[in-house]
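To start, the structure under review is shown below, and the notes come after it.
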Amino acid sequence: MTTTTHYRACNLCEAICGLEITVTDGVIDSIKGDKNDPLSRGHICPKAVALKDIQEDPDRLRSPVRRTANGWMPISWEDAFELVAKRLGDIHDKYGADGIGIYLGNPNVHNYGSLTHAQNFLGLIKTKNRYSATSVDQLPHQLAALKLYGHQLNVPVPDIDRCDYFLMLGNNPMASNGSIMTVPDFAKRVKALQQRGGQLVLLDPRRTETAQVADQHHFIRPQSDVLFLLALLQTIFAEELDSPVPVYVTGVEAVKEAVEGFTPEKVAAACGIDTDTIKQIARDFSAAEAAVCHGRMGCSVQSFGGLCQWLIQVLNIVTGNLDREGGAMFPQPAVDMVQGGIGKAGNFDRWRSRVSNLPEFSGELPAVCLTEEMTTPGEGQIKALITSAGNPVLSTPNGKGLEAAIKQLEFMVCIDPWINETTCHADVILPPTTPLEHDHYDMIFHSFAVRNTARFNEAVLAKPENAKHDWEIFNGLGEKLAERLGVSARKGPPPAQMMDFALQSGRYGKAKGHKAALSLKTLQENPSGIDLGSLKPALPKRLQTSDKTVVLDQALYVDDITRAKQLLTQAGDEQLSLIGRRHVRSNNSWMHNSHRLTKGKTRHELLMNPADMSARGIESGQQVKIASAVGALVTEVVASDDMMPGVVSLPHGWGHGRPGVQQSIAQAMAGESCNDLTDPKLIDPLSGNAAVNGVPVTVNAA
Ligand SMILES: Nc1nc2c(c(=O)[nH]1)N[C@H]1C(S)=C(S)[C@@H](COP(=O)(O)OP(=O)(O)OC[C@H]3O[C@@H](n4cnc5c(=O)[nH]c(N)nc54)[C@H](O)[C@@H]3O)O[C@H]1N2
Ligand SMILES: Nc1nc2c(c(=O)[nH]1)N[C@H]1C(S)=C(S)[C@@H](COP(=O)(O)OP(=O)(O)OC[C@H]3O[C@@H](n4cnc5c(=O)[nH]c(N)nc54)[C@H](O)[C@@H]3O)O[C@H]1N2
Ligand code: SF4
Ligand SMILES: [Mo]
């Protein structure tokens, strides 16, 4: 018996926690936090330990399968690549490139091989029908980054380790470990903030796990953050609490004018927050030594997501908190997607979707368009679908509608380790290696991290014979499709080699003469990672706008303020508002086949305020029917004082009882999918992002 110790960063969520893993004869013994990781400092959560379940899951596919009249049959990699290339090639000939749809799911951005190599295959298909989880998630952040700072990934993040006043909207890092804010060990960092006299103020329609550690929590009516933010700005300007802005910022006067009518008195009822509280937050925020406002899912995946993310930037800027220690700062990672010449700056609205006329963003259309682009006949209709690391049937609005549309496709191929709610409809499934079977460098989330660090790790477990990494699958598919289309194939060196080049030529690399002199080799010698220090001011140099200015008063945003006025008259609305939630033992839709994460009591019930329940004659534990404009479902309800009256919460990612799924543990704790209730018509029209929070529903005893 030989036992070895390995180091690896966890790539399941955005937190990039360092792990220390012991392995005996190819079997994982233990998974613990790596105390020497300069970012996570030993923190881990239960999902990391469940990597063992993923690894050993008998339901996980180990080699490609093909749908036949007699069920799923094994197929060799070579034959699978041939088959996919032939079918896609035929569809390409018959319907053109737009006949092929592409959906990229969330784990792609956690897997650097997918980021470096997906284009070797997907780049051959010049389709307008490209979609991803971005538009059910952080598109409003990327749009604000592009419009204000010139690059879709140039996003400032809260400098939590040095701020004194943290205003948080619609973000639950105690469960999610932060988002567009890579912050492993959020709890310890908040405690430190409080110990130095600072405070955390949270606005959320649910008294969340984060509310429990916050200094103040206020219920806010779903979707009304935009009014709250406008009133904060109005108060700050009216009371002259604003700070001079840097010379590279223009348009403050126009913003001042635009927010003028939104007094706290006017918005209080619509927000569900009293006037004095709004004023106090405005005053405290402005008076703090260093303050920062951050808003996430609750503030982006809703009907004013675009405007909210712009207003948050404006608030940080006019209070002097952009690019200053303790404020909103720009990470400067070793492999820099913004300044390193690697990531594309991005584009917006170069074309529109065929059916709903929604804007493109960086080559992708909003995910809410996917179903209608499959079902609406005409030139450009999707006839085949490629998914990689995605489960849109559970994660995009009106999953039932998408499911029905997928069944009508001529061909579907999925790169995914499991037969789940989406992949069960494929013709071919190509399963990649597991997280612990491939090496890892986090290309994306160092760009959102609250501290600059770098970490590269080798695979923990040997790659099984006949297995392929995601990047090898993309290369294999690319080679065959290029052959079929009569174009030349692109392969590129392995991801680690590409990272070595990027590290060496990057900010901390040999080429720059930096004392850390990062390269793949230096990171291999320091498997717990290298600390590159706290965040440092980066502007105006880091601005990617053509004239190196930040223009605040852009028509796209200022014009949308008019739409916010409609919310003022909606106060007192009798309908219930459906929002989502996350749990530390769950990861979107795909870790419910882990017995470690699903044991104990279920966690996918509807949460509802007791007053709303008694008004409808409903008791805790009862089955209820939830209905929206697109569908209805029956599930159990649990009474919760933590819910704001008028608001109910159902997590997404459940609903594993659908026919065709082959995940035995998940099927046993199936739950229902809240995206069978969410509506593709509910969007943030500014960005095209889905609005899955704030869905009007009715709830009655079933
Ligand atoms: N354990 C775990 N961690 C995860 C994930 C996971 O599934 N499980 N997923 C990862 C991913 S992909 C992401 S994007 C991040 C997301 O990270 P978070 O943004 O922290 O995600 P949520 O927990 O959905 O938090 C959104 C909060 O917004 C509140 N909310 C809903 N509507 C509104 C509103 O209109 N206004 C306000 N102010 N609040 C509102 C909800 O009550 C909820 O508490 O988490 C990542 N980390
Ligand atoms: N109502 C509602 N809907 C939501 C949200 C919400 O809060 N509420 N959150 C939204 C957000 S933030 C997100 S990010 C999306 C997520 O939406 P998706 O990305 O579509 O869904 P996931 O559940 O993350 O599914 C990931 C898939 O990738 C597979 N997978 C895991 N690791 C790998 C890998 O390394 N390689 C490959 N090839 N496959 C892999 C899994 O088996 C799974 O099928 O959901 C969104 N949908
Ligand atoms: S917080 Fe995220 S990165 Fe850290 S161990 Fe948990 S799942 Fe992994
Ligand atoms: Mo996400």
Side-chain angles (χ1 to χ4, degrees), residues 8-19 31-34 37 39-40 42-51 105-107 109-110 132-139 141 167-186 202-211 217-229 271-273 294-305 308 395 435 442 445 567 577-592 597 603 607 642-644 647-649 651-653 691-695:
R8 172 66 149 81
C10 176
N11 64 333
L12 295 171
C13 84
E14 301 181 25
I16 348 181
C17 298
L19 308 177
I31 300 179
K32 296 197 181 101
D34 178 357
D37 184 295
L39 182 64
S40 64
H43 174 79
I44 59 165
C45 84
K47 291 184 290 304
V49 186
L51 282 166
N106 167 279
V109 291
H110 295 275
S132 79
T134 291
S135 50
V136 276
D137 190 350
Q138 80 288 351
L139 176 55
H141 298 252
L167 175 61
M168 191 182 272
L169 297 94
N171 190 198
N172 185 12
M174 287 299 286
S176 68
N177 281 285
S179 189
I180 317 286
M181 167 177 63
T182 287
V183 57
D185 198 7
F186 174 78
L202 175 70
L203 279 79
D204 196 303
R206 183 168 76 90
R207 197 176 298 117
T208 60
E209 296 78 359
T210 303
H217 164 253
H218 305 282
F219 281 139
I220 183 167
R221 283 173 66 94
Q223 331 245 29
S224 70
D225 305 76
V226 60
L227 295 177
F228 170 77
L229 289 163
C271 296
I273 306 174
H294 179 70
R296 254 315 262 139
M297 289 301 280
C299 248
S300 40
V301 193
Q302 51 125 298
S303 54
F304 289 91
C308 281
S395 40
D442 204 306
F445 295 99
L567 288 172
S577 182
L578 176 72
I579 62 169
R581 67 176 184 271
R582 282 175 159 75
H583 192 279
V584 72
R585 304 178 80 86
S586 177
N587 196 26
N588 292 333
S589 76
W590 70 275
M591 289 189 74
H592 300 151
L597 296 182
R603 286 179 289 271
L607 299 183
D642 292 334
M643 291 309 303
M644 183 177 192
V647 185
V648 290
S649 162
H652 80 288
V692 296
N693 283 313
V695 177

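In listed order, ligands and their atoms are each counted from 1.
In this structure, the side chains of V692 and Q302 stay at 4.5 Å or more apart for every pair of heavy atoms. For the pair L19 and K32, the minimum side-chain heavy-atom distance is 4.5 Å or more. Looking at M174 and T208, their side chains never come closer than 4.5 Å, going by heavy atoms from C-beta outward. Within the 4.5 Å cutoff, the side chain of F219 has no heavy atoms near those of the R221 side chain.
There is no side-chain donor-acceptor pair under 3.5 Å between R206 and S649. Using modelled atom types and a 3.5 Å distance limit, the side chains of R582 and N588 yield a donor-acceptor pair. Using a 3.5 Å distance cut-off with no hydrogens or angles, the side chains of H652 and R581 do not pair a donor with an acceptor. S586 and H592 form a side-chain donor-acceptor contact under 3.5 Å, judged by distance and modelled atom types alone. Between the side chains of S179 and E14, at least one donor-acceptor pair of N or O atoms lies under 3.5 Å.
Counting atoms of ligand 1 from 1 in the listed order, those under 4.0 Å from a heavy atom of P222 are 34 (C), 35 (O). Taking every non-hydrogen atom of D225 and a distance limit under 4.0 Å, the qualifying atoms of ligand 1 come out as 34 (C), 35 (O), 36 (N), 37 (C), 38 (N). The D137 neighbourhood of ligand 1 comprises atoms 14 (S), with distances under 4.0 Å to a heavy atom of that residue. For ligand 1, the atoms closer than 4.0 angstrom to any heavy atom of T208 are 44 (O). The I16 neighbourhood of ligand 3 comprises atoms 3 (S), with distances under 4.0 Å to a heavy atom of that residue. For ligand 1, the atoms closer than 4.0 angstrom to any heavy atom of H583 are 1 (N), 2 (C), 8 (N). Less than 4.0 angstrom separates some heavy atom of Q302 from each of these atoms of ligand 1: 35 (O). Every atom of ligand 1 with a heavy atom of N587 under 4.0 Å away is listed here by number and element: 5 (C), 6 (C), 7 (O), 8 (N), 9 (N). Close approach of ligand 1 to V584 (heavy-atom distance below 4.0 Å) involves ligand atoms 1 (N).
Remark: among candidates G170, S577, A211, S176, the nearest residue to atom 17 (O) of ligand 1 is S176, based on non-hydrogen atoms. For atom 14 (S) of ligand 1, the nearest non-hydrogen atom from the set M643, R296, Q138 comes from R296. One option in R582, M644, M174, Q223 has a heavy atom closer to atom 23 (O) of ligand 1 than any other, and that option is R582.
Side-chain atoms of N693 do not come within 3.5 Å of backbone N or O of I579 as any donor-acceptor pair. No donor-acceptor pair under 3.5 Å is formed between the side chain of S577 and the backbone N or O of V647. A donor-acceptor pair under 3.5 Å links the side-chain atoms of Q223 to the main chain of G694, judged by distance alone. In this structure, T182 contributes its side chain and F445 its backbone to a donor-acceptor pair below 3.5 Å. Between the side chain of D34 and the backbone N or O of G42, no donor-acceptor pair lies under 3.5 Å.
For ligand 1, the polar-atom distance check against R585 finds no nitrogen or oxygen pair separated by under 3.5 Å. Of the N or O atoms in H652, none lie within a sub-3.5 Å distance of an N or O in ligand 1. Inclusion of S586 in the set of residues having an N or O under 3.5 Å from an N or O of ligand 1 is warranted. Note: an N/O pair closer than 3.5 Å links N172 and ligand 1 by distance alone. Geometrically, ligand 1 and L203 share a nitrogen or oxygen pair separated by less than 3.5 Å.
In summary, D137 and R296 engage in a salt bridge, as defined by a charged side-chain N under 4.0 Å from a carboxylate O.
Atoms CZ and CG, on R8 and L51 in that order, are 8.0 Å from each other to the nearest 0.5 Å. Distance CG/N587 to CG/N106: 7.0 Å, rounded to 0.5 Å.
Protein nitrogen, oxygen and sulfur atoms, that is N, O or S, within less than 2.8 Å of atom 6 (Fe) of ligand 3 amount to 1.
At the top of the distance list for atom 12 (S) of ligand 1, counting protein heavy atoms only, stands N588 ND2, 3.2 Å. Among protein heavy atoms, atom 34 (C) of ligand 1 sits closest to G298 O, 3.1 Å. Among all non-hydrogen protein atoms, the one lying nearest atom 16 (C) of ligand 1 is M297 CG, 3.5 Å. Atom 15 (C) of ligand 1 has S179 OG, 3.5 Å as its closest protein atom, hydrogens excluded (heavy atom only). Taking atom 44 (O) of ligand 1 as the reference point, the nearest protein heavy-atom neighbour is D204 OD2, 2.7 Å.
Contacts between N177 and ligand 1, counted as non-hydrogen atom pairs separated by less than 4.0 Å, are absent for every part of the residue. At a heavy-atom distance under 4.0 Å, atoms from both the backbone and the side chain of N171 approach ligand 1. Contacts between A175 and ligand 1, counted as non-hydrogen atom pairs separated by less than 4.0 Å, involve the backbone only.
Centroid-to-centroid, the aromatic rings of F186 and H43 stay 6.0 Å apart or farther.
Within the structure, ligand 1 has P205 among the residues with a heavy atom less than 4.0 angstrom away.
When all heavy atoms are compared, the tightest approach of L567 to S224 is CD1-CA, 4.3 Å.
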